[in-house]
Amino acid sequence: MDFKPLHDRVLVRRIDSDEKTSGGLIIPDTAKEKPQEGEVIGVGEGARKDSGELIAMAVKEGDRILFGKWSGTEVKLDGEDLLIMKESDILGVLSGK
C-alpha cells in the first residue's frame with residue numbers, strides 16, 4: 001500500500017474482537033460493536049510547534065493501540081477498511097499479548 005499519513009495522523013487497522021463471550025456464547029455480527037483496538041500500519045512525521053520544531057510521534061508502525069469508539073475517519077484502501085485518526089485520539093498503547 002502506497003499511503004503515508006501526514007503530520008500527526010495515524011493509519012490504523014481494526015483488530016476484530018472475539019466472536020464468543022467468556023461463557024462460550026457466540027455473538028452474532030449484528031450484535032457486535034466495532035472494535036476499539038487496532039494495529040498502527042502507518043504514521044505521519046509528527047506535529048509542529050509554532051516555532052516549526054517537529055514533535056515526534058509517540059506511536060510507531062506495528063503498535064497495538066486502544067482508541068475511542070467514535071475516533072478517526074473510516075477509509076477504504078486497496079479494498080481494506082482502515083481508520084485515519086490524529087495521534088491525540090489514541091488512548092494508549094498495549095504491550096504484550
Side-chain angles (χ1 to χ4, degrees):
M1 176 179 324
D2 294 330
F3 180 83
K4 178 156 176 69
L6 296 176
H7 310 294
D8 63 340
R9 290 184 176 79
V10 179
L11 185 64
V12 176
R13 176 184 298 125
R14 286 186 194 268
I15 297 175
D16 290 329
S17 58
D18 293 336
E19 295 185 8
K20 290 185 182 180
T21 65
S22 56
L25 297 174
I26 296 175
I27 303 169
D29 288 340
T30 54
K32 286 184 190 174
E33 289 191 17
K34 289 186 177 180
Q36 294 173 263
E37 185 178 331
E39 177 186 0
V40 176
I41 57 173
V43 296
E45 57 188 33
R48 295 214 176 255
K49 295 181 182 179
D50 290 337
S51 64
E53 183 182 346
L54 187 66
I55 302 169
M57 298 287 279
V59 296
K60 62 188 179 308
E61 290 181 19
D63 281 350
R64 288 177 63 112
I65 60 167
L66 289 178
F67 50 87
K69 184 180 274 191
W70 307 109
S71 298
T73 301
E74 294 182 355
V75 295
K76 186 171 265 206
L77 294 172
D78 294 339
E80 185 176 12
D81 291 326
L82 302 171
L83 287 170
I84 297 176
M85 65 182 68
K86 287 190 161 262
E87 185 182 33
S88 60
D89 290 339
I90 297 172
L91 303 175
V93 178
L94 296 167
S95 58
K97 284 270 177 183

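The first residue of the sequence shown is numbered 1, and numbering continues consecutively from there. Keep in mind it's a predicted model, so treat the numbers as computed, not measured.
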Exercise answer: donor-acceptor pairs, residues 86-93 side-chain atoms, under 3.5 Å, sequence neighbours excluded:
residue, atom, partner, partner atom, Å
Lys86, NZ, Asp8, OD1, 3.4
Glu87, OE2, Ala58, N, 2.5

Discussion item. Nearest 0.5 angstrom please: Leu82 CG to Arg13 CZ, how far?
Written reply: 6.5 Å

Fill in: Residue pair Ile65, Leu94: steps toward the side chain to side chain contact (heavy atoms under 4.5 Å, CB included) verdict
CA-CA 6 Å; Ile65 60 167; Leu94 296 167; over 6 Å; no

Worksheet entry | Residues Phe3, Ile84; criterion side chain to side chain contact (heavy atoms under 4.5 Å, CB included); working and verdict | CA-CA 11 Å; Phe3 180 83; Ile84 297 176; 3.6 Å; yes

Worksheet entry | Worked verdict on Val59 versus Val10 for side chain to side chain contact (heavy atoms under 4.5 Å, CB included) | CA-CA 9 Å; Val59 296; Val10 179; 4.0 Å; yes

Item to complete: Check side-chain hydrogen bond (donor to acceptor under 3.5 Å, both in side chains) between Lys4 and all other residues, then give those that pass, not counting sequence neighbours.
Response: none

Can you give me every donor-acceptor pair (side chain of residues 40-50, partner residue at least two apart or in another chain, under 3.5 Å) with its distance?
residue, atom, partner, partner atom, Å
Arg48, NH1, Gly52, O, 2.8

Worksheet item: Side chains of Leu77 and Glu80: closer than 4.5 Å at any heavy-atom pair?
Response: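 Result no, sub-4.5 Å side-chain heavy-atom pair not found.
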
Worksheet item: Looking at Gly68 and Gln36, what are the two nearest heavy atoms and their distance?
Response: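 Taking Gly68 first and Gln36 second, the nearest heavy atoms are C-NE2, 3.7 Å.
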
Practice prompt. Work out which heavy atom in Met85 is nearest to a heavy atom in Phe67; give both atom names and the distance.
Written response: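 Smallest heavy-atom distance, with atoms named: CE-CG, 3.7 Å.
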
Worksheet item: Do Arg14 and Glu74 meet the salt-bridge criterion of a basic N to acidic O distance under 4.0 Å?
Response: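 So Glu74 pairs with Arg14 through a salt bridge.
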
Item to complete: State whether Arg64 and Glu39 are salt-bridged, where the test is any N-O pair (Lys NZ or Arg NE/NH1/NH2 against Asp/Glu carboxylate O) under 4.0 Å.
Response: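 No, this pair does not count.
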
